[in-house]
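FYI, the numbering just counts along the sequence from 1. Please read these numbers as outputs of a predicted model, since none were measured by experiment. Values below: every heavy atom of this structure, side chains too, minus hydrogens, waters and symmetry copies.
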Amino acid sequence: MEQVLQNQLLSAAVQLERQLDAEIDRMDNLGLDDLDKIRENRLKEMKKLAQQKQEWRNIGHGEYTELADEKEFFEVSKKSKNIVCHFYRDVTERCKIVDMHMKILAPKHLEARFCKVNAEKCPFLTQRLRIKVIPSIALIKDSKTKDYIVGFTDLGNCDDFSTEMLEWRIAQSGAIEYSGDLLTPPDEKRTKKPTQKGKTIKGGYDSDDSDIDFDD
């Protein structure tokens, strides 16, 4: 059995070497016409990407903005394929931490629309998306909510998580492009600090995050 495995590995290595040799030969034998065609295709790709980035900017990508109401949210949903939406309250201090990181990530990831919604002013949307904790970030792709970042639990359960940590967590949903290791959190080795406590919208309950009560 061991000999069979060794033979299979050897055969795979030989095949890979042949493929590499063939690719090297192909590159060595490229003529001027071939090189011109490669450059032309590359220029087309660059122009297409530049055009796409401009189209994204035209519909609000590249900035972290507040949506006034449910109507504006649904309008944004029709235009943007990827949306990173922060549900916040003015009195919740942790929302300011989220704001800080979102402002940094928005211009870095033009492929997604970064925005925020006041949960108290948009109760219909907040309830429809089942937002129960503030702050929460809804991660939307192709008009479907793929994931939620609820409070800071997934961000190391601390208030001083890095922007890279939030970026990594958002990327888990596929809402933004990410070139790093999706399996390893950037802040994995950071020392966790005690988290601050929030209050409910009605102010009567303390927890690690703020609960929104729709029952009353």
Side-chain angles (χ1 to χ4, degrees), residues 55-155 157 159 161 163 165-177 195-216:
E55 290 175 357
W56 280 331
R57 290 190 180 96
N58 291 341
I59 59 175
H61 291 223
E63 296 180 303
Y64 176 52
T65 56
E66 180 166 359
L67 306 183
D69 50 32
E70 283 98 345
K71 180 181 178 181
E72 186 175 4
F73 176 85
F74 290 120
E75 289 176 353
V76 166
S77 299
K78 294 177 182 178
K79 297 177 182 179
S80 298
K81 181 178 180 180
N82 301 307
I83 300 174
V84 181
C85 187
H86 169 211
F87 285 80
Y88 80 98
R89 292 188 311 149
D90 288 325
V91 298
T92 304
E93 289 298 317
R94 289 178 125 192
C95 291
K96 297 177 182 178
I97 298 174
V98 175
D99 285 342
M100 176 186 68
H101 294 299
M102 296 278 271
K103 288 177 182 177
I104 295 172
L105 291 175
K108 181 178 179 181
H109 290 282
L110 287 177
E111 69 275 13
R113 176 70 186 268
F114 283 74
C115 55
K116 67 178 181 177
V117 169
N118 189 318
E120 294 174 311
K121 294 181 179 180
C122 300
F124 170 76
L125 178 62
T126 302
Q127 187 169 11
R128 178 169 175 172
L129 294 184
R130 301 186 301 279
I131 302 297
K132 297 292 184 180
V133 171
I134 296 295
S136 279
I137 301 175
L139 304 172
I140 302 165
K141 188 174 181 65
D142 297 323
S143 300
K144 295 182 180 179
T145 306
K146 294 293 185 179
D147 198 2
Y148 295 92
I149 302 175
V150 181
F152 289 176
T153 303
D154 293 345
L155 302 171
N157 209 29
D159 289 355
F161 61 88
T163 302
M165 186 66 176
L166 180 58
E167 179 183 31
W168 171 84
R169 179 60 185 83
I170 293 172
Q172 300 288 314
S173 68
I176 61 173
E177 297 174 2
T195 57
Q196 297 177 355
K197 292 186 176 182
K199 296 182 178 179
T200 62
I201 279 181
K202 299 188 177 182
Y205 177 73
D206 286 337
S207 66
D208 286 342
D209 301 295
S210 301
D211 294 331
I212 299 177
D213 187 359
F214 296 106
D215 296 331
D216 296 336

Check against side-chain contact (heavy atoms from CB on, under 4.5 Å), Ile131 and Ile134 = CA-CA 8 Å; Ile131 302 297; Ile134 296 295; 4.1 Å; yes

Between Val133 and Tyr148, is a side-chain contact (heavy atoms from CB on, under 4.5 Å) present by the stated rule, with each step listed?
-> CA-CA 10 Å; Val133 171; Tyr148 295 92; over 6 Å; no

Go through the steps for Glu167 and His109 under the test side-chain contact (heavy atoms from CB on, under 4.5 Å), then give the verdict.
-> CA-CA 10 Å; Glu167 179 183 31; His109 290 282; 2.6 Å; yes

Verify side-chain contact (heavy atoms from CB on, under 4.5 Å) between Leu105 and Tyr64, making sure each step is shown before the conclusion.
-> CA-CA 8 Å; Leu105 291 175; Tyr64 176 52; over 6 Å; no

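Summarising the geometry, atom CD1 belonging to Ile149 is positioned 4.5 Å from atom CG belonging to Leu139; distances are rounded to the nearest 0.5 Å. Note that CD1 of Ile137 and CD1 of Ile83 are 14.0 Å apart. Values are rounded to the nearest 0.5 Å. With rounding to the nearest 0.5 angstrom, the CZ atom of Phe161 is 8.0 Å from the CG atom of Asp159. For the atom pair CG (Leu129) and OG (Ser136), the distance works out to 10.5 Å, reported to the nearest 0.5 Å. With values rounded to the nearest 0.5 angstrom, Ile140 atom CD1 is found 3.5 Å from Phe73 atom CZ. Rounding to the nearest 0.5 angstrom, the gap separating the OG1 atom in Thr65 from the CE atom in Met102 is 9.5 Å.
Considering Glu66, Arg94, Glu120, Lys96 as possible partners of Tyr88, the one that fulfils the side chain to side chain donor-acceptor pair (under 3.5 Å) test is Glu66.
A donor-acceptor pair is defined here as one N or O able to donate and one able to accept, closer than 3.5 Å; such a pair exists between the side chain of Glu111 and the backbone of Glu177.
Of all heavy-atom pairs between Thr92 and Pro135, the closest is CG2-CD, 4.3 Å. Taking all atoms of both residues into account, the shortest heavy-atom contact from Thr126 to Ala119 is OG1-O, 3.3 Å. Annotation for Ala112 and Ala175: closest pair CB-O, 3.6 Å, computed over non-hydrogen atoms.
By the salt bridge (Lys or Arg N to Asp or Glu O under 4.0 Å) test, Lys146 is found to be paired with no residue, residues two or more places apart in sequence or in another chain being considered.
Contact of the Ile176 side chain with the Phe114 side chain is registered, since non-hydrogen atoms from C-beta on lie closer than 4.5 Å. Annotation: side chain of Ile97 is in contact with side chain of Phe152 (closest heavy-atom distance under 4.5 Å). You'll find the side chain of Arg113 stays beyond 4.5 Å of the side chain of Ile59, heavy atoms only. You'll find the side chain of Ile170 stays beyond 4.5 Å of the side chain of His101, heavy atoms only.
Sequence neighbours left out, the pairs with a member in residues 69-85 that pass side chain to side chain donor-acceptor pair (under 3.5 Å) are His61-Ser80, Asn82-Lys141.
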